[in-house]
Every structure is written in C-alpha cells, then in structure tokens.
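First the structure, in the form of structure tokens, and then the observations on it.
Note that ligands are numbered from 1 as they come in the structure, with each ligand's atoms numbered from 1 the same way.
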Amino acid sequence: MSDIFFEIHADNPREGPGDFTSTKRAFLALKNLPGKPSILDIGCGPGKQTLDLAQITKGNITAVDNHESFLAQLNRQIISQGLQKRVQAVKGDMFSLNFPPQSFDIIWSEGAIYIIGFEQGLAAWKRFLKPKGYIVVSELTRLKENPPAEAREFWEGAYPAMRDIAGNMAIIAAAGYSLIEHFTLPESAWLEEYYAPLQKRVEKLKIKYQNDPAALKVLAAEDFERESYRKYAAYYGYVFYLMKQVV
Ligand SMILES: C[S@@+](CC[C@H](N)C(=O)[O-])C[C@H]1O[C@@H](n2cnc3c(N)ncnc32)[C@H](O)[C@@H]1O
C-alpha cells in the first residue's frame, strides 16, 4: 500500500461495508451446527466481523489476512476482549491457504472474496470445508438494471466482474453449493459503519496534504467512491450469500 492509502485505511473499525445485525442474521440462518463450530474468516481485515462472530457464537475462529497491521489491530482486540483461546489472527494468502482439508464447519468472508474472484474463491476454498459445511460471503452485486452511465462507468472500472444476483446464483449452483438465503446489506452498513469513519479520516488528511497534489488526488477518489454509492445505492450493493456444500 502507498503511504497515503495506508494512512486512510489504518485503524478503521472495518475495511468494507457490514454491520453486526447482518453478520448475526447470516450466522443464525445456518442450521444444525455443532455447539462450537470451527470458523475460518478469510480477508478478515481489522476483524470487526471476526469479533462480532466471537460474540454471536461460542465457536473457534481462525481469521486470515495478508496485511500485518490489520492483524495487529485485531490481535489487540482479541487480547483486550480475552478471546485468545478461541480466536486466532494469522497471516495468510487467500490464493494459497494452507489448512488441512475439511477442517472448518464454516468459511466466512465479508467483502473480500472479490479479491480472488467469486467463482474462484468458492472453488478454491471448498476443500477446507467439512462435508455439508457452510460458506458465507458478502459480494458486491448489481441490484438493478440500466444504471445511469456514470454509475456503470465507475463500476466497470472498479469491479468489472460484478454480477447480478441471478448470475451469482448460477455460479453457486455450478460450484456445488446450495444457496440457503441471500440478503442485501442495508445502506447504513455502508454509510454509517464504513464510510463515516473513513470520511473523518479523509477530511483530516486533506489538511495534512493540502500542498501534495498526488495525495489530494487519492483523497478525492475516496470522496468520489463514497458519493457514487450515495447516488447509486439502488443499483449496486453488498449481498450476503449463505451457501451449504452439497458435493
Ligand atoms: C475490503 S477488505 C475487507 C476486510 C474485512 N472483512 C471487513 O469487512 O472489514 C479486504 C481484505 O482482504 C485483505 N486481502 C487482500 N488480499 C489478500 C490476500 N491475497 N490474502 C488474504 N487477505 C487479503 C485485505 O488486506 C483486506 O483486509
């Protein structure tokens, strides 16, 4: 990460849209779990959803990210909340995870599977699931057809692979999972949980970097992304997909 990008993204509560209520809703929809399920949280970032899961379940959670400062931030919380016995933050690459086959009841990934790709992630991570295990991910999804040109241009640049719900459902079925439920994150999970703390940071950095055009350009891109969401939230959003392994 460049310095300015790191400064924008260091010490935020979360690195993508999400909220406690949605994490809990998704978890509670999973049926017939063991009392203490083993959970792998991939692309955990600073670990807000990891800690939420630790509150919702008595399970053991392995949280993986490749960015050390996010892991350090999560580790501070693990210690302050006394969760060392059942939550581990480990460095790892989602493209080449190194766990024994069939070791988890649940794979969880909020706002991160896009990095490896929705289809690729569902295929690559499956081997770590116990038979009939669950995989729960949130994925940026087209919600409404015919977006305004500005919205389409922005997302074709930022995430050209974005599909609609039907497109993702076809991938889920082809990958050997059954879809239990899907739901769209509320706008507050973007605007209040993710963008509000980020915006405060961006405003401070605009003052710090007022004479640095390159940094100001990066900060303006953050504003543009947030305002694009505000304008076009009806057209795209994060959808939680709750899947169960069938083959
Ligand atoms: C958009 S953030 C989401 C983080 C977190 N789940 C959240 O919602 O706050 C994506 C995360 O994926 C991590 N990441 C990026 N590439 C990765 C890789 N190859 N392996 C593991 N994690 C990766 C980033 O460091 C970042 O924490």
Would you call the rings of Tyr195 and Tyr229 parallel, tilted or perpendicular, where under 30° means parallel and over 60° means perpendicular?
tilted
Flag the pair Tyr177 / Lys126 as yes when at least one side-chain heavy-atom distance between them is below 4.5 Å, and no otherwise.
yes
For residues Thr50 and Asp41, is any side-chain donor paired with an opposing acceptor at under 3.5 Å?
yes
Verify whether one side chain among Ser22 and Tyr238 offers a donor that lies under 3.5 Å from an acceptor in the other.
no
Option of least heavy-atom distance to atom 4 (C) of ligand 1 (set: Pro17, Gly47, Gly43)
Gly43
Would you check whether Asp93 has a nitrogen or oxygen atom less than 3.5 angstrom from a nitrogen or oxygen atom of ligand 1?
yes
Measure from atom 13 (C) of ligand 1 to every heavy atom in Asp65, Leu71, Leu97 and give the option owning the shortest one.
Asp65
If we ignore angles and hydrogens, is there a donor and acceptor under 3.5 Å between the side chains of Glu139 and His182?
no
Output the list of atoms in ligand 1 that are nearer than 4.0 Å to some heavy atom of His67, sorted by atom number.
25 (O)
Which ligand 1 atoms are under 4.0 Å away from a heavy-atom of Phe95?
19 (N)
Shortest reach to atom 1 (C) of ligand 1 by a heavy atom, considering only Gln49, Glu193, Glu15, Arg14
Glu15
Between Cys44 and ligand 1, find which residue part has any heavy-atom pair under 4.0 Å and reply side chain, backbone, both or neither.
backbone
Which ligand 1 atoms are under 4.0 Å away from a heavy-atom of Gly92?
20 (N), 21 (C)
Which distance, rounded to the nearest 0.5 Å, do you find between the CG of Asn75 and the CD of Gln84?
9.0 Å
For ligand 1, which atoms have a heavy atom of Glu110 less than 4.0 angstrom away?
3 (C), 5 (C), 6 (N), 8 (O)
Could you check whether any heavy atom of Ile115 sits closer than 4.0 Å to an atom of ligand 1, since that is the contact criterion I want to use?
yes
Ser38 versus Asn60, side-chain donor and acceptor atoms under 3.5 Å
no
